Structure formats: structure tokens, C-alpha cells
Amino acid sequence: MSTGRTPGRLENTGVFLDERLGAAKFLKRNMRKIFPDHWTFLLGEIPLYSFVILLLTGTFLTFFFNPSMEEVPYNGAYAPLRGVLMSEAYASSLDINFDVRGGLLMRQMHHWAALLFIGGMMVHMLRVFFNGAYRKPRELNWVIGVLLLALALFEGLTGYSLPDDLLSGAGLRITASVLLSLPLVGTWLSFLLVGGEYPGEDIIPRFYSMHILLIPGILVALITAHLILTWVLKHTQMPGKGRTNDNVVGAPTYPSFMAKSGSYFMFTFGLVALLGTFAQMNPIWLYGPYTPSDISAGTQPDFYLAFLDGSLRLMPSWEINVLGHTLPMSVLVPALVPIGIILVGLILYPFAERWITGDRREHNVVDRPRNNPHRTAIGVSAITFYGVLWLMASNDLIAAFFHLSINVMIITGRFLIFLGPALAYFVTYRICLGLQRRDAEALDHGVETGVIKRRPTGEYIEVHVPPLESIEAQVRGKEPIPVIEGRAEDGIPSHDEGHHPLRRLRAMMSRAYGGEKVPLDGGRDHDGHDGHGEREERDRAGRAAVGPGTDENRGP
């Protein structure tokens, strides 16, 4: 029986594709996939869109950049450098800035997008870490994210070095020195990268090949795998009303998330374009071409590599001579130890936490950072460690601007690199416990209203009201951190399981890390009262004075 309705163009297109590709069920299922609507889940979109901008602007720049270290006299539009001998890489970089229409905008957009790409990855990774979104079944996706960050750092180093200006050349000299300091293989790796004695004639062409082909190809593969796993494993969500480990509360991919994501991409693109237009970035024409005998003053690398520069400045002079070979620890330690601590620690943390707590459950509802105080304190300590090194990369500028001694700055940095993370850990842990106590008090005594009421006895009390349902559900979403007790079934083989040192260590770490630090009903006494004997009366008074709490986000 005919309905008399003529199919629309979109419907005809869908039928055409389905008859040839069988994609109707696939598209219908995935277009209705639910995405959580909490704003923090969009943080991962920032590096993704920045990477797209990097690909677009980088493709434009490859048309005009010449990755050659052959020296030529400059005859371009920038008058102060005319007639100066420089590499063709630096000369073509100047041409992009001054002779190619739109070249300066594209180069600055490319540089800003690179900063946003790495910065966005860091912020997204911190969100995942503090919320515990790396737990089962997402450990592999977490490892892929850490590898993406490591590759992005190396991609930034190669791109930063391509113009062959004085600033980037000094960074390349440090990179080559780090390679030379490696025992046994250092000389071979340096010759492989440089093509002979530094600076050689091959380092820029080889960095160029890695920057536009090798590393981006690996990044695309890892980003694709990361997105596929995110799609397949289902999104995590914040604790709250109606949110469990078996569902996802949010909006469908089409049209809600697609519209939100599309507008977010345009916002990111517009922000990068504005920064590229109005905020000067890396003015290489002011630095001049790189020559090994010169070095610029008062300059620092981009923020994502500054922590390595800071560690080099703080490290004291230290060499070890073994069997006629010299190990320059003053170069090896600051170049490898900080980045090793951060990256290896990030990779191992999900597995270490699972081993300590014995928690092998699936987690689709994330933690509030306050509800796992040790994890949050560890994260803030790592940020402090990174921040001290990052700050010390500018110790010469800080000393000059504030008229301080550079030696005092170095000694202060050496103390802060150890004391800062420890102090940050203690303060953060206590703050998390305080926030948990405030949550428990809000559930037990109600929320302060600022309304003062006088009782018949003459006593003045502040009126409390029950918290909103959405807030109460979020607070009650807290789960105690599992604790193991070193039982035989924990899987550590030993002829004497009760006295096995590793078992005792694990049980001790588990008791310290896990458990319920502040119970939600901690304000109640054993008879079920709140310790003041006035909760029900205050609740009634609160409702009468200011009305019951309502949830504006709640449906009918």
C-alpha cells in the first residue's frame, strides 16, 4: 500500500548507501551513541582539533620550506639580514615570513596550534588522572595517551629546530650533547642524527623527514586507536543522579554532540587564528642564523621542553670515570631522569594502583578528586615537580628582573625540587580530607542558608536545608577505596605466606592508600543521631523559613 509520500533527497541518499554498503544499522547505532554532557569531557577535543589545524597549516608550510643546510647569502625582503650567509632552511623560513602571502600567519598559527596541542594533551591527561578514568577497562587507552604525549614532545622538538635560527640551533646543540653523553652508543647515535661532527649538514633534513612523515604517521595511528577504544569502551561519566557503571547519561551523537563538537572546533580554530594574527610567536628574524660560536641571551625553549632546560640549570657538576670512560652525569641525569620519572610513572600508575588496592572491577563512573586523596596528592606533587623545573628554566631572567643572585636562584631551585612536591603532597591530602568532611557535614546537618532564627529559649541558630538531590547524589556516589589484607588468595606465591615481605609491604601500602578516610555518616553517633540532637528540628525550621531545596536540572 502506497503512503503517497515522495522520499526526500536525504532519505534517497541513505537508501542508496545502505543498498551498496549496508551501513544503515551501523550508522543508526552509532549516531545514537550517548556522550556525557559534563564540560570536562570536552578537554580531549582541544588537542584533537589542534592536531587537525597542525596538519592543515603544516601542509601549507611544506610548499615553501627548503630543509637544506647549504649556506647561501640572503637576498630577501628583510633588510637587516641581506647579504648574511645562512642556511637555506633559515633563508626559506624568512621568505615564508616576509615574502609568501599569508606565510607569517600560517607559521604563527602552526606554532600556536603546536603549543595548544601539547598543552591540551597535558590538561586532558590530568583530568583523566585525577578522576581515575584510566582504570579497568581503559588501561591500554591510558598507555596510548602517554605515548602520544611523548611523541608530541619529540615532534615539537623537531619542528622547533627546523628554522635553523640561533635559538633553535642552541637547543639542537644541547640535544646532540645529550646523545653524546650516552654510554657506549652515544657517539653512534649522534653521528646517525647529525651525519658527522656537530652541526654537520644532515640534521635539519633528517629532522624534517621525521617531522612531516614519520612522527605524524605514528601520531595519526595512535590517535585513531585512541578514539576507537574510547568509542568502543564507552565513555566514563561523573557521579550523580541516575549514573551507574552500567549506563551513560548524556546526549546522543547526532544531533547534540555533533553540533557541540563542530562549534567547539570552530571556536578552537578561531582562537588559534586570533593568536596567530595578534600575538607574535618566535620571531626568528630577530635571532639571526645559527652559528656554533654564538649564543643568544635571555631566551627559553617552548614551555613543553622548558622543564628539561630547568633541570640542566639546577644539576651540579658531576662526572664518573669508569675504566677510562667518562659518564657526564651533569648531562645524563637532568636530560633523562625527570622525563623518565614523569612518563614511566604515568604508564605504570594504573597497574601500580590496581596492585596496591587489589581493585579489578570495571569503572565507568569516575571519582571526584577529593575522594581519592592520595592519588590527587601524587598528581599535584608531579605538577609541582614539573613546575619547579619549568620555572628554573627562566632563573636568569627572574634574577635579572628582580635583582637577585643567580647562585641564590639555583640553590633555591635545588631545595624546591625536593621540598616542593613533598609540601604539595601534604597540603593537597589535607585539603581533600577537608572537602570530604564538608560533604559529610552537608549530608548530615544540611546546607548553610545564612538565615538566622531565634528559638523560644532565646538561642540563635542558623537554618540548614537539605542539599539538592543532584548534589546529594553526586556526594553519595563516593565509593570506599578497596583495601587488601595480604591474604593467600592475593596471588603472591610463598612458602610462608603470612610472613612474606612483599605481601606485608603490599598490605601496608593498601591500608595507607585505600579505605574510607572520611565516612559520609561520620557526624552521626551510634544511636543514629547527629550529635547535636537538633537535626530534624533544624530541617523543619529550614523548610519553613526558606522552603525545600529544588533541583533545576531535574526532569518532571
Side-chain angles (χ1 to χ4, degrees), residues 40 43-44 46-47 50 114-134 142-143 145-157 160 171 174-175 178 299-316 330-350 352-353 369 372-399 409-429 431-432:
T40 57
L43 292 176
I46 297 176
S50 301
L115 298 180
L116 196 60
F117 175 57
I118 299 178
M121 290 179 67
M122 291 180 175
V123 173
H124 174 59
M125 184 167 288
L126 289 176
R127 198 281 301 176
V128 173
F129 179 84
F130 285 125
N131 287 140
Y134 52 77
W142 169 261
V143 173
V146 177
L147 294 178
L148 279 170
L149 177 61
L151 277 174
L153 294 177
F154 190 56
E155 175 77 344
L157 171 65
Y160 174 82
I174 296 175
T175 303
V178 171
T299 56
Q300 287 79 36
D302 287 330
F303 83 93
Y304 50 86
L305 294 176
F307 76 104
L308 295 176
D309 192 8
S311 64
L312 282 169
R313 298 186 185 206
L314 292 182
M315 185 68 188
S330 56
V331 177
L332 276 176
V333 172
L336 301 181
V337 172
I339 195 169
I341 291 175
I342 294 173
L343 295 180
V344 175
L346 287 172
I347 290 176
L348 296 181
Y349 194 86
E353 183 181 75
N372 195 319
H374 282 293
R375 179 206 295 150
T376 304
I378 290 171
V380 175
S381 296
I383 294 174
T384 305
F385 176 77
Y386 174 89
V388 170
L389 293 179
W390 174 81
L391 186 65
M392 288 300 107
S394 301
N395 59 2
D396 54 340
L397 292 180
I398 296 173
M409 289 291 300
I410 293 175
I411 295 174
T412 302
R414 289 174 180 173
F415 278 101
L416 286 178
I417 199 62
F418 296 104
L419 298 179
L423 181 62
Y425 185 97
F426 175 77
V427 172
T428 304
Y429 183 80
I431 289 175
C432 288

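Computed over heavy atoms, backbone and side chain alike; hydrogens, waters and symmetry mates excluded. It should be emphasised that the depicted structure is a prediction, and the values quoted were computed from it without experimental measurement.
Asn372 places a side-chain heavy atom less than 4.5 Å from the side chain of Glu353. For the pair Val337/Val333, a side-chain contact is recorded, criterion being any heavy-atom separation below 4.5 Å from C-beta on. Between Leu416 and Leu391, the closest side-chain pair of non-hydrogen atoms is not below 4.5 Å. Side-chain contact between Met409 and Asp396 is absent, with no heavy-atom pair separated by less than 4.5 Å. The shortest side-chain heavy-atom distance between Leu305 and Asp309 does not fall under the 4.5 Å cut-off. In this structure, the side chains of Leu149 and Met122 come closer than 4.5 Å at one or more pairs of heavy atoms.
Looking at Thr384, its side chain never comes within 3.5 Å of a backbone N or O of Pro421 through a donor-acceptor pair. Of the possible donor and acceptor atoms, one in the side chain of Arg414 sits under 3.5 Å from a partner among the backbone N and O of Leu314. The backbone N or O of Ala377 lies less than 3.5 Å from no partner atom in the side chain of Thr428, so there is not a single donor-acceptor pair.
Here the CD1 atom belonging to Ile342 is positioned 7.0 Å from the CG atom belonging to Leu389, to the nearest 0.5 angstrom. The distance from the CE atom of Met121 to the CG atom of Leu148 is 4.5 Å, given to the nearest 0.5 Å. Of the inter-residue distances, the one linking Trp390 atom CH2 with Phe385 atom CZ reads 15.5 Å to the nearest 0.5 angstrom. Rounding to the nearest 0.5 angstrom, the gap separating the OH atom in Tyr429 from the OG1 atom in Thr376 is 11.0 Å. Annotation: the span from Leu343 atom CG to Leu348 atom CG amounts to 11.0 Å, rounded to 0.5 Å.
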I'd like to know whether Leu126 forms a side chain to side chain contact (heavy atoms under 4.5 Å, CB included) with Ile383, so could you lay out the CA-CA distance, the side-chain angles of the two residues, the decisive distance to 0.1 Å, and finally the verdict. CA-CA 9 Å; Leu126 289 176; Ile383 294 174; 3.9 Å; yes
Would you please test Leu157 and Tyr304 for side chain to side chain contact (heavy atoms under 4.5 Å, CB included) and show each step? CA-CA 9 Å; Leu157 171 65; Tyr304 50 86; 5.9 Å; no
Under the criterion side chain to side chain contact (heavy atoms under 4.5 Å, CB included), I'd like the reasoning laid out for Leu312 against Ile174: C-alpha separation, chi angles, the key distance, then a yes or no. CA-CA 10 Å; Leu312 282 169; Ile174 296 175; 3.6 Å; yes
Under the criterion side chain to side chain contact (heavy atoms under 4.5 Å, CB included), I'd like the reasoning laid out for Met392 against Ile417: C-alpha separation, chi angles, the key distance, then a yes or no. CA-CA 10 Å; Met392 288 300 107; Ile417 199 62; over 6 Å; no
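Closest of all the heavy-atom pairs between Ile339 and Ala335 is CG2-O, 3.6 Å. The shortest non-hydrogen separation linking Ala152 to Ile118 is O-CD1, 3.6 Å. Between Arg127 and Ala133, the closest heavy-atom pair is NH1-CB, 4.2 Å. The nearest pair of heavy atoms linking Pro369 to Cys432 is O-SG, 4.1 Å. A pairwise comparison of heavy atoms in Val380 and Ala424 identifies CG1-CB, 4.0 Å as the closest pair. For the pair Phe117 and Pro47, the tightest heavy-atom approach, listed with the atom from each and the gap, is CD1-O, 3.1 Å.
Residues passing the side chain to side chain donor-acceptor pair (under 3.5 Å) test with Tyr425, sequence neighbours excluded: His374. Partners of Tyr386 according to the ring pair (Phe, Tyr, Trp, His ring centres under 6.0 Å) rule, which considers only residues two or more places apart in sequence or in another chain, are Phe307.
Annotation: Phe303, atom CZ; neighbour count of heavy atoms from other residues, nucleotides and ligands within 6.0 Å is above 12.
The aromatic rings of Tyr134 and Trp142 sit tilted relative to each other, their planes meeting at an angle between 30° and 60°.
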